[in-house]
Enquirer: 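Structure below; questions to follow.
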Amino acid sequence: MLTVPEMGLQGLYIGSSPERSPVPSPPGSPRTQESCGIAPLTPSQSPKPEARAPQQASFSVVVAIDFGTTSSGYAFSFASDPEAIHMMRKWEGGDPGVAHQKTPTCLLLTPEGAFHSFGYTARDYYHDLDPEEARDWLYFEKFKMKIHSATELREQSPSLPEKDTVRWVLTVPAIWKQPAKQFMREAAYLAGLVSRENAEQLLIALEPEAASVYCRKLRLHQLRDLSGRAPGGGRLGERRSIDSSFRQAREQLRRYRHSRTFLVESGVGELWAEMQAGDLHVVADCGGGTVDLTVHQLEQPHGTLKELYKASGGPYGAVGVDLAFEQLLCRIFGEDFITTFKRQRPAAWVDLTIAFEARKRTAGPHRAGALNISLPFSFIDFYRKQRGHNVETALRRSSVNFVKWSSQGMLRMSCEAMNELFQPTVSGIIQHIEALLARPEVQGVKLLFLVGGFAESAVLQHAVQAALGARGLRVVVPHDVGLTILKGAVLFGQAPGVVRVRRSPLTYGVGVLNRFVPGRHPPEKLLVRDGRRWCTDVFERFVAAEQSVALGEEVRRSYCPARPGQRRVLINLYCCATEDARFITDPGVRKCGALSLELEPADCGQDAAGAAPGRREIRAAMQFGDTEIKVTAVDVSTNRSVRASIDFLSN
């Protein structure tokens, strides 16, 4: 909120209708230090956003890091051969003889809180600790965080260029808000991947977007159509009626072949070449923690992508199946016992979850045999000591009749019971997809790409095909479905402009004063200052929720410092989920961040001609069409750049 009634600040305006002034704080409202030090210069009628071609720096290599809830990995490619994507050969640890191109997102800290290991190494070391000793170590799993070293990358490519010629890409869910994206960026700074001075070296990639970018490159043999038909079996568009004239058909065929050849030769995969300009597709990123949905429209002739509806989704990931299994154990052995066991035998609990994960991956809708899940000996022993009877007795006494005790010391679960553990999560995913497809903005979708680690599940694939295939939607799964996002993030790093238009997930703006109009403005918003009547707390909108914003498109506003010699000014930013908010005090409107403008000491004393400054204009340009909201600023009097940033973590 712009707050300086005590300074008697007069607004300086550009245009013929000076209707605005800084917003004074209502009594008792929170205030941000120095947030009062700026006045709006733009007129009430917002100018039309200007489009500016994004400037792309040149990088020799792109390195993408996909930090998933359950597993993580990295890949890279060189600018000299951008489509040759190199994967991590094998993570240290894991199962012998198996090439793991991803590692569990597990972190192990020593009892003193120091970093010990990550991934398979952390999991295996923790597994081998004495149960009593393990209680003092700190083990984290199924979380998203950034931790990486470029050592292994350099081993695979000894000629790796210097650090400042590497572009890093971090993946995040598309439904993440700006604070979470900024948190990932701050983590990258702290880890030393890039510096704040070279922020352009780091890109934040949205996971379903990365998948869409990768899928557009795939050939037919790299895809599997869940309907059972060949992925290339016929055009995706509506078939022409058989009574169309031969001349029309021949002309359409000529155009189709021309456009298809152009797209394939320009790097777009064969399935995409079959799509007509304007065709829509949905990407459902089913990961460990969330399902993330995005709708793209293919643009010809260059195969760029346009987002048709803001990213949506929810907490329906593979960990939901793990939680369902834990709840099943609580029903059998008691919630209090499971809680105690997890706390006092943490390494053994990890062993149990690993055993369940292995069986979960073999579950399928047509599996006939039961699944055996190994119980660690420490579980069996700990239960007997705690309860005074064995686990077999617990199973007989429980109301769960679809889990039996095996003479080999295992839980024996029917395939129907295993599939039931999937149902709440799978149903949530399908409901989200169906709700999206019902939106009027996305009518005409012909193709659904199912991607992400959870999309490897045969249970999920069968359920999605059964629910959506009947409505004519083609459900397609890439063969390397678990690596789709990681590989797509590399391609996105090579060409960030491939997603040309995005939808703003929220409405963003600032608070200003407008001239008070009786009958239109509520009386409680009236502020009288120097004989003039103002309406306070007016929400000035920069961009509206679900508004299409092109990459490089700028929203410009001009401001002036409140006093000579001022070194820093802050402007509070507000957001809401609707388009019709009028005031920053309306329900649903909240402070979400702060725009900061840092003025150089030399700028505060005199202007470019060496004269004492008068009113200084600082022109800020904000971009809402990228994966992150960006801002730049310039001092109009000196034409020098002003250090500008938006802090979404200040709240």
Enquirer: Listed by chain and number, what are the side-chain contact (heavy atoms from CB on, under 4.5 Å) partners of Asp586, not counting sequence neighbours?
Expert: Ala581, Arg582, Phe583, Val589
Enquirer: Quick test of your reading of the model: are Glu186 and Arg196 salt-bridged, counting only N-O distances below 4.0 Å?
Expert: yes
Enquirer: Tell me whether Arg568 is salt-bridged to Glu598, with the criterion being a basic N under 4.0 Å from an acidic carboxylate O.
Expert: yes
Enquirer: Tell me, with the steps shown, if Glu307 and Thr294 meet side-chain hydrogen bond (donor to acceptor under 3.5 Å, both in side chains).
Expert: CA-CA 7 Å; Glu307 188 175 42; Thr294 193; 3.3 Å; yes
Enquirer: Where does the angle between the aromatic ring planes of Phe78 and Phe76 fall among parallel (under 30°), tilted (30 to 60°) and perpendicular (over 60°)?
Expert: perpendicular
Enquirer: When you check the side-chain N and O atoms of Thr304 and Glu299, is any donor under 3.5 Å from an acceptor?
Expert: yes
Enquirer: Answer yes if the side chains of Gln297 and Asp279 hold a donor-acceptor pair under 3.5 Å, and no otherwise.
Expert: no
Enquirer: Hey, which of Leu203, Asp626, Thr627, Val169 is the one that makes side-chain contact (heavy atoms from CB on, under 4.5 Å) with Pro496?
Expert: Leu203
Enquirer: Side chains of Tyr214 and Asp480: is there a donor and an acceptor less than 3.5 Å apart?
Expert: yes
Enquirer: At what distance, to the nearest 0.5 angstrom, does CH2 of Trp176 lie from OG1 of Thr171?
Expert: 8.5 Å
Enquirer: Under a 3.5 Å threshold, yes or no: a donor from one side chain and an acceptor from the other, between Gln494 and Ser77?
Expert: yes
Enquirer: Could you check whether Arg167 pairs with Glu200 (Lys NZ or Arg NE/NH1/NH2 to Asp/Glu carboxylate O, under 4.0 Å)?
Expert: no
Enquirer: State which residues pass side-chain contact (heavy atoms from CB on, under 4.5 Å) with Ala455; sequence neighbours excluded, sorted by chain then number.
Expert: Leu450, Val481
Enquirer: Given Glu628, which of Gln623, Arg185, Gln178, Lys181 fulfils the side chain to side chain donor-acceptor pair (under 3.5 Å) condition?
Expert: Arg185
Enquirer: Can you tell whether the side chains of Asp635 and Arg640 come within less than 4.0 Å, N to carboxylate O?
Expert: no
Enquirer: Would you give the length of the straight line joining atom CD1 of Ile485 to atom OG of Ser212, rounded to the nearest 0.5 angstrom?
Expert: 11.5 Å
Enquirer: Under 4.0 Å between a Lys/Arg side-chain N and an Asp/Glu carboxylate O for Glu617 and Arg619?
Expert: yes
Enquirer: Determine whether more than 12 heavy atoms belonging to other residues, nucleotides or ligands lie under 6.0 Å from atom CZ of Arg439.
Expert: yes
Enquirer: Take atom CG in Asn639; do more than 12 heavy atoms of anything else shown fall under 6.0 Å from it?
Expert: no
Enquirer: Quick test of your reading: applying ring pair (Phe, Tyr, Trp, His ring centres under 6.0 Å), list the pairs with at least one residue in residues 488-508, sequence neighbours left out, ordered by first then second residue.
Expert: Tyr508-Phe624
